[in-house]
Amino acid sequence: MAKKIAVLPGDGIGAEIVPPAVKVLKAAAGKYGHEFEFRWGLIGGAAYDETGHPLPQETLDLCRESDAILLGAVGGPRWDNLPVHLRPEAGALLPLRKQLGLYANLRPVKVFPQLADASSLKSELVSGLDIMVVRELTGGLYFGEKKKEEIPGGYRVVDTLVYTTDEIDRVARLAFALAEKRGGKLTSVDKANVLESSRHWREYVQGLAEEYPNVELEHMYVDNCAMQLVRAPKQFDVLVTENMFGDILTDLAAQLTGSIGMLPSASIGGEAALYEPIHGSAPDIAGKDLANPLATILSAAMMLRITFNMEEAAADIEQAVTAVLDKGYRTGDIMQPGMKQVGTKEMGELVLEHLSG
Ligand code: IPM
Ligand code: MG
């Protein structure tokens, strides 16, 4: 039976980077004898414009009925002044993650050898870098109680960072298991010197360590972690952390790879896994054929590997990306002297060509 993939391009460059990834999925399916059924849906500002809500019930149903979801990006200045619950980020992306129960966001930070010089760090610091960040995605500071109340002289504004033991348990176990399969090292990142939630997080994660004797566990404060990531990133293997810490650290870590336009992600643990590039909708370059589609194409490869267990097809897509980079093709964000600059569409076509060997 055909596997069902929901395709949600969203806003900005979403409409440009998702179609090439779908083409790559189709080609991989053809090559390896798999069958996918793609069903397109609206999300974000695009959905708001058409239906009055950034996450229409129809889209949520579509996601629930699918085996996996491929998402582009949401948001843009046009929708920034809407009431919070109608904005693409707070009204669509966050509720989608929450409603589908996608509590673990895997963000591999991998440096392609061809791009080691594209990083803003010295290439010897980043060449060969291969980190997996596990970002808790449905709790923490993003989802705790919020308030805005008027007081004399202005407002009192509140965001709260809430975790239950269960929420820490499931994401930490997932990170331990990943570390076991990878380099055997897990860094749990917190702010236990200040936050109650972090103190419990640290204590609980430490308690789990005895169940994973093959994993070396360390704890690190998030501010120190930010520093260590630019000082000596290769010390890390798997990182696990709170939602907001993970959001910030992965943008930082992305730059180690040369461009945020290279980083895919998988959000798992719930009904249907969601695959999306970690970058946003980049309204400034939208519609100009400038965006890098590789993060989305690599997200599609993660989908094949994680949701569909199609290791061969996933690896083929990744090797096609490598081959295209080897030949010197670059989008603007990873462009370097002597390389050949191509647009979004051409980059997509190049990956396709290098697939069908
Ligand atoms: C990300 C993004 C989102 C987040 C935004 C668009 C709400 O920055 O996926 O990292 O903060 O989670
Ligand atoms: Mg982010």
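Quick note: residue numbers are just sequence positions, from 1. Just follow the structure's listing: the first ligand is 1, and inside any ligand the first atom is 1. The basis for the numbers below is simple: all heavy atoms, side chains too, and nothing from hydrogens, waters or symmetry mates.
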Open item on the list: At less than 4.0 angstrom from any non-hydrogen atom of Arg97, what atoms of ligand 1 do you find?
Closed with: 1 (C), 4 (C), 9 (O), 12 (O)
Open item on the list: Check this for me: does any side-chain nitrogen of one of Lys185 and Glu218 sit under 4.0 Å from a carboxylate oxygen of the other?
Closed with: yes
- [ ] Anything under 30° is parallel, anything over 60° is perpendicular, the rest tilted; go ahead and classify Phe36 against Phe308.
- [x] tilted
Open item on the list: Side chain, backbone, both or neither: which applies to His279 and ligand 1 if a contact is any heavy-atom pair less than 4.0 Å apart?
Closed with: neither
Task: Asp251 N/O/S atom closer than 2.8 Å to the Mg ion (ligand 2) - done: no
- [ ] Could you tell me whether Arg305 and Glu311 have a side-chain N and a carboxylate O separated by less than 4.0 Å?
- [x] yes
TODO: Of all N, O or S atoms in Asp247, identify the one at the shortest distance from the Mg ion (ligand 2).
DONE: OD1
Task: Approximate separation, where rounding is to 0.5 Å, of Leu355 CG and Leu350 CG - done: 11.5 Å
Task: Salt-bridge criterion met for Glu312 and Lys31 (N-O under 4.0 Å) - done: no
Open item on the list: Side chain, backbone, both or neither: which applies to Met244 and ligand 1 if a contact is any heavy-atom pair less than 4.0 Å apart?
Closed with: neither
Open item on the list: Is it the case that ligand 1 has an N or O less than 3.5 angstrom from some N or O of Glu89?
Closed with: no
TODO: Report yes or no: is the cationic atom of Arg135 (NZ for Lys, CZ for Arg) closer than 6.0 Å to the six-membered ring centre of Tyr142, at no more than 45° off its axis?
DONE: yes
- [ ] Do me a favour and list the nearest non-hydrogen protein atom to atom 2 (C) of ligand 1 with residue, atom name and distance?
- [x] Asp247 OD1, 4.0 Å
- [ ] Report the part of Arg107 (side chain from C-beta onward, or backbone N, CA, C, O) that has a heavy atom under 4.0 Å from ligand 1; answer both or neither where that applies.
- [x] side chain
Open item on the list: Quick check on Arg135 - does any of its heavy atoms sit under 4.0 Å from an atom of ligand 1?
Closed with: yes
- [ ] Using a strict cut-off of less than 4.0 Å between a Lys/Arg side-chain nitrogen and an Asp/Glu carboxylate oxygen, indicate whether Arg78 and Asp49 qualify as a salt bridge.
- [x] yes
Task: Heavy atom of the protein closest to atom 4 (C) of ligand 1 (residue, atom name, distance) - done: Tyr142 OH, 3.4 Å
